[in-house]
Asks: 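One structure coming up, written as structure tokens, with questions to follow.
From a predicted model like this one, the values you see are computed outputs, not experimental measurements. Here is how names work: the chains are called A, B, and so on, in the same order as the sequence lines, proteins then strands, and each is numbered from 1.
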Amino acid sequence: MSPEAQETAKNDPLCGASVYERIYAIICQIPPGWVATYGQIAGIEGHCTPRMVGYALAALNAEGVPWQRVINSAGRVSERSGGGGTATQRLRLMEEGVQFSRGGRIDFESYGWSGPDWEWIRMHGMYAVPAPGQRG
DNA sequence: CACGTGACAACTC
DNA sequence: AGAGTTGCCACGT
């Protein structure tokens, strides 16, 4: 590891953090009015599966993490064991200006998050992944 | 579009 | 210390 990388790691609060903590940190990077998928978060983290992202969110009991901005690859909010949270999720997204199309789907071409800044990615040793539904 | 299949950290005894 | 339980998915066919 280069000295520069060591310095970066020393300043990284995520260094040594659990997988869940890193997942939460990525989700905190999603700006209001944008959405990301479970697979996208997993790809950015680099060492976990999309399902792990769902597990992490299920275990989440903290304010300050915009969990409502994480949806499934179909562009829909996932049904959960609790059941009631999905309505809250849709409401909070609508309050952020996210439009739901017919059938309760979100258009990735309009609201799909393209990932964190490159320097944030480099700073935390994560990975850049293409946004879902992005035209290229 | 509706299936079946793949794969895993954190928490609690 | 270690086994068991718990959990908001993506992709290919």
Asks: If you compare all heavy atoms of A:Trp113 against all heavy atoms of A:Pro31, which two are closest, and at what distance to 0.1 Å?
Replies: NE1-CD, 3.3 Å

Asks: Keeping A:Arg69 on the side-chain end and A:Ile30 on the backbone end, is there a donor-acceptor pair under 3.5 Å?
Replies: yes

Asks: Which nucleotide in the list B:dG6, C:dC8, C:dA10 gets nearest to the side chain of A:Leu57?
Replies: C:dC8

Asks: Compare the minimum distances between each of C:dA10, B:dA7, B:dA9 and the side chain of A:Thr49, then state the nucleotide with the smallest one.
Replies: B:dA7

Asks: Report the distance from atom OH of A:Tyr55 to atom C1' of C:dT5, rounded to the nearest whole Å.
Replies: 12 Å

Asks: A:Tyr20 has an atom OH; how far is it from atom C1' of C:dC9, in whole Å?
Replies: 13 Å

Asks: Say we look at C:dA10 and B:dC1: how far apart would their C1' atoms be, to the nearest angstrom?
Replies: 16 Å

Asks: Send over the distance from A:Arg51 CZ to C:dT6 P, rounded to a whole Å.
Replies: 15 Å

Asks: It should be established whether A:Ser18 places a side-chain nitrogen or oxygen under 4.0 Å from OP1 or OP2 of nucleotide B:dA9.
Replies: no

Asks: Nearest to the side chain of A:Asn72, heavy atoms from C-beta on, is which of B:dG6, C:dA10, C:dG7?
Replies: C:dA10

Asks: Check the phosphate of C:dA10 against A:Ser73, side-chain N and O only, distance under 4.0 Å to OP1 or OP2. Yes or no?
Replies: yes

Asks: What is the distance from CG of A:Leu60 to P of B:dA10, rounded to the nearest Å?
Replies: 14 Å

Asks: Could you pull out the closest heavy-atom pair between A:Asn72 and A:Ser78, with the gap in Å?
Replies: ND2-OG, 3.4 Å

Asks: Answer yes or no: is there a donor N or O on one side and an acceptor on the other, between the side chain of A:Tyr24 and the main chain of A:Ala56, under 3.5 Å?
Replies: yes

Asks: Rounding to an integer number of angstrom, what distance separates C:dG7 and B:dA7 when you compare their C1' atoms?
Replies: 13 Å

Asks: Whole Å only: how far is the CD1 atom of A:Ile44 from the C1' atom of C:dA10?
Replies: 16 Å

Asks: Identify the heavy atoms of A:Cys28 and A:Pro66 that sit nearest to each other, and give their distance.
Replies: CA-CD, 3.9 Å

Asks: Rounded to the nearest angstrom, tell me the gap between atom OH in A:Tyr38 and atom C1' in B:dC8.
Replies: 17 Å

Asks: Take the protein atom CG of A:Leu93 and the nucleotide atom P of C:dC8, then report the distance between them rounded to whole Å.
Replies: 18 Å

Asks: Without decimals, in angstroms, what is the distance between A:Gln40 CD and C:dC9 P?
Replies: 16 Å

